[in-house]
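Following: one structure in structure tokens, then a few remarks.
Everything quoted here is computed from the prediction, not taken from an experiment.
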Amino acid sequence: MKRTTFLLLTLLAVISLGAEVREVPLLQNVFARQSTSLNGKWNYIVDPFDNGYYDYRLRPMDRGGFGDNRKPSNPQELVEYNFDTSPIMDIPSDWNTKDDQLFFYEGSVWFKRSFTYHQEEGKRAILYFGAVNYLSMVWVNGQKVGEHVGGFTPFNFDVTDVLKEGDNFVVVRVNNQRHQDNVPTLNFDWWNYGGITRDVMLVQVPETYIEDYYVQLAKGDATKIVGWVKLNRPILGGRVTVEIPELKIKQTVTTDAEGRGSFEVKAKPQLWTPEQPKLYQVTVDMGTERLSDEIGFRTIETRGKEILLNGQTVFLRGVSIHEEAPFRQGRAWTTEDAHTLLSWAKELGCNYVRLAHYPHNERMVREAERMGIMVWSEIPVYWTISWENQATYDNAQRQLTDMITRDKNRCAVIIWSIANETPHSDARDKFLSSLSKHARTLDNVRLISMAMEVTSAQNYHNRLNDNMNEFVDVVSFNEYIGWYRDVNDAPKMTWEIPYNKPVIISEFGGGALAGYHGDANQRFTEEFQENVYKNNIVMFEKIEGLAGTSPWILMDFRSPRRQLPGIQDFFNRKGLISSWGEKKKAFYVMQEWYRKKAAE
């Protein structure tokens with residue numbers, strides 16, 4: 001189709017959509033786009049009674065709330081808030097560690113940032129948030145542009161038509177109150193960090209832009225690269241070029257009436273491995289917009305009780321990680337945070353990490369890929385969710401969709417996890433099996449798993465029995481023998497896992513305060529934790545089909561459930577490393593075992 005016809009169709013699409021503010025599908029590879037960072041100093045107002053959102057009858061206000069960023073027009077006018085004279089907080093961050101008064105706070109906090117915007121002809125402006133925990137409502141120049149539910153996935157709004165040349169402002173109401181029907185629900189074992197916890201950007205894109213794309217190996221075929229490109233508008237005949245110069249690949253994709261086009265091409269890429277994490281420069285170009293990415297190629301599959309990376313059996317030498325910042329505490333979000341945590345994992349001997357219990361920030365996933373570390377990525381369907389509530393399921397499915405949408409081009413991600421330690425019931429089985437089926441419609445090349453519970457134990461015999469076995473590719477379960485059962489029981493244990501699928505011990509371990517020493521039978525000493533690990537390793541050697549482990553956890557992290565004074569002090573102490581970087585004795589036990597596994 002001629003380019004003039006393409007441009008005419010683009011214009012008609014713009015007119016038909018009208019000038020509306022709306023949430024738009026997530027931008028793929030947002031860091032490669034033309035953008036203005038809105039990170040930095042934001043004013044904030046703590047609002048425990050939600051005066052900025054509800055009137056005195058607890059009715060949401062259409063106008064007059066804090067989202068207006070209102071200023072008195074004369075000395076007599078009553079306005080009982082002022083962002084400009086309110087305190088300042090660095091964004092991204094969490095309010096719990098930035099303001100001592102908010103350490104345990106759960107409720108609403110309002111944030112405001114002023115910025116300068118210069119309009120460019122033919123450009124649209126997308127306001128992007130990497131994550132906000134948990135409920136967010138967003139206003140730009142006093143007009144509400146949308147809201148989002150969920151604390152660990154990105155979202156964005158087209159705000160072109162509410163911006164103006166020169167001075168502008170954005171206001172965000174953030175509420176992190178826990179509710180039964182949320183995902184996660186009321187009860188979980190990590191800190192409920194509130195705030196704008198990841199990057200905020202104003203992204204400039206053409207009127208018609210590359211909304212999304214996918215470039216990976218075909219399922220089970222290391223000689224074929226497949227992919228697709230999706231424009232933001234239903235443009236027939238759009239032409240987009242996908243190029244991988246190092247592989248001498250240049251494919252031009254023509255979009256269909258939905259603005260989508262696909263391709264496949266024979267290729268012989270060097271396959272990504274933990275030992276050689278090869279990434280290729282990939283460009284996606286439609287003339288008015290050109291995106292660059294680094295993409296690796298590998299296959300991941302199972303054969304009986306084995307996990308195969310690039311057709312070769314691999315044992316997943318892993319560790320679980322929370323998105324907790326080393327040294328400074330609080331929510332982690334920087335590349336430096338990611339590099340520190342992943343460097344510790346590499347030192348431990350890991351070729352894989354379980355990013356628990358929610359999607360971690362994009363910088364973490366990309367850094368793992370660059371460093372040669374495979375990734376288990378998980379949504380926070382954790383413990384006891386409202387299984388029969390449709391809104392809860394919709395929320396979980398949206399988070400699963402957003403996780404896969406953002407990271408589907410990251411070859412380091414090998415497992416999508418749909419849950420952790422969920423109690424058995426028919427409603428739960430329906431909920432989780434639906435999530436598994438949905439994940440496969442979005443991505444059919446990665447493995448599906450979940451962290452199960454061992455529900456049947458007699459004396460020293462454990463039997464895994466979970467109806468979800470047929471909906472996962474890898475059977476994973478958590479066990480804390482030695483911590484919630486006598487530490488000396490582990491070597492006596494036998495395991496029955498009646499499924500012809502690979503097995504991952506997704507969690508095990510015990511707590512220790514770094515520097516606290518005593519006998520091996522004294523709780524919370526490094527010696528006790530060391531003994532837990534030694535005994536578990538003896539047990540692991542007897543588990544048929546064991547394909548990987550990810551002990552709980554790399555580093556101590558904050559949790560309000562862990563209250564023991566002088567020992568826990570609101571930290572889960574199961575880390576192999578303290579939050580200040582001190583390696584405990586169990587670290588070296590696990591390191592030695594992983595060296596032996598790597599040599600096998």
Would you say the side chain of [Y] lies within less than 4.5 Å of the side chain of [X], judging by non-hydrogen atoms?
X: L291; Y: Y213; result: yes
X: V138; Y: V170; result: yes
X: N232; Y: T208; result: yes
X: L27; Y: Y209; result: yes
X: E369; Y: V375; result: no
X: T283; Y: R290; result: yes
X: V183; Y: T392; result: yes
X: T299; Y: L309; result: no

Go through the steps for N361 and R366 under the test side-chain hydrogen bond (donor to acceptor under 3.5 Å, both in side chains), then give the verdict. CA-CA 9 Å; N361 67 86; R366 285 182 176 268; over 6 Å; no
Check whether the ring centres of F471 and W416 lie less than 6.0 Å apart, and answer yes or no.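 No, the ring centres sit 6.0 Å or more apart.
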Is the H322-W552 ring centre distance short of 6.0 angstrom?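 When the ring centroids of H322 and W552 are compared, they turn out to be within the sub-6.0 Å range.
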Show your working on ring-ring contact (aromatic ring centres under 6.0 Å, His included) between Y193 and W333 and close with a plain yes or no. CA-CA 12 Å; Y193 289 117; W333 67 275; over 10 Å; no
Under 3.5 Å: donor-acceptor pair, side chain of [X], backbone of [Y]:
X: K596; Y: Q591; answer: no
X: N39; Y: V200; answer: yes
X: T549; Y: P551; answer: no
X: D293; Y: I295; answer: no
X: W376; Y: Y352; answer: no
X: D337; Y: E324; answer: no
X: T160; Y: A125; answer: yes
X: R233; Y: E207; answer: yes
X: E378; Y: I418; answer: no
X: T255; Y: G238; answer: yes

How close do [X] and [Y] get, heavy atom to heavy atom, and via which atoms?
X: S550; Y: S320; answer: O-OG, 3.1 Å
X: G330; Y: D94; answer: CA-OD2, 3.4 Å
X: R406; Y: P154; answer: CD-CG, 3.9 Å
X: M450; Y: T422; answer: CE-OG1, 3.8 Å
X: I300; Y: R446; answer: CG2-CA, 4.2 Å

Against the six-membered ring of [Y], is [X] placed for a cation-pi contact (under 6.0 Å from the centre, within 45° of the normal)?
X: R260; Y: W228; answer: yes
X: K583; Y: F587; answer: yes
X: K408; Y: Y214; answer: no
X: K278; Y: Y280; answer: yes

Salt bridge between [X] and [Y], side-chain N to carboxylate O under 4.0 Å?
X: D161; Y: R22; answer: no
X: E289; Y: R33; answer: yes
X: R198; Y: E323; answer: yes
X: R398; Y: E23; answer: yes
X: E507; Y: R354; answer: yes
X: R303; Y: E306; answer: yes
X: R124; Y: D158; answer: yes
X: D473; Y: R440; answer: yes

Single hit among N156, D199, V172 for side-chain contact (heavy atoms from CB on, under 4.5 Å) with F129: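 Among N156, D199, V172, the one meeting side-chain contact (heavy atoms from CB on, under 4.5 Å) with F129 is V172.
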Tell me whether the rings of Y393 and F431 are parallel (<30°), tilted (30 to 60°) or perpendicular (>60°).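 Answer is perpendicular, since the angle exceeds 60°.
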Just say parallel, tilted or perpendicular for the rings of F155 and F157, cut-offs at 30° and 60°.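 It falls in the perpendicular class, over 60°.
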side-chain contact (heavy atoms from CB on, under 4.5 Å) between I414 and L316, worked out: CA-CA 11 Å; I414 60 167; L316 299 184; 4.1 Å; yes
Should the heavy atoms of other residues, nucleotides or ligands under 6.0 Å from [atom1] of [X] be counted, would the total exceed 12?
X: K250; atom1: NZ; result: no
X: Q270; atom1: CD; result: yes
X: Q119; atom1: CD; result: yes

Between [Y] and [X], is there a side-chain donor-acceptor contact under 3.5 Å, judged purely by atom types and distance?
X: T401; Y: H438; answer: yes
X: Q28; Y: D212; answer: yes
X: S417; Y: S449; answer: no
X: T335; Y: E367; answer: no
X: N478; Y: S506; answer: yes

Let's go through Y134 and N182 carefully: what are the C-alpha distance in whole Å and the side-chain angles of both, what is the deciding distance for side-chain contact (heavy atoms from CB on, under 4.5 Å) to 0.1 Å, and is it a yes or a no? CA-CA 9 Å; Y134 174 81; N182 285 355; 3.3 Å; yes
To the nearest 0.5 Å, what is the distance between [atom1] on [X] and [atom2] on [Y]?
X: T405; Y: L26; atom1: OG1; atom2: CG; answer: 6.5 Å
X: N469; Y: N500; atom1: CG; atom2: CG; answer: 11.0 Å
X: L355; Y: M403; atom1: CG; atom2: CE; answer: 10.5 Å

Would you please test Q399 and D402 for side-chain contact (heavy atoms from CB on, under 4.5 Å) and show each step? CA-CA 5 Å; Q399 293 190 48; D402 290 346; 5.8 Å; no
Going through the checks in order, is the side-chain contact (heavy atoms from CB on, under 4.5 Å) test met by L271 and L217? CA-CA 10 Å; L271 299 183; L217 288 178; 3.8 Å; yes
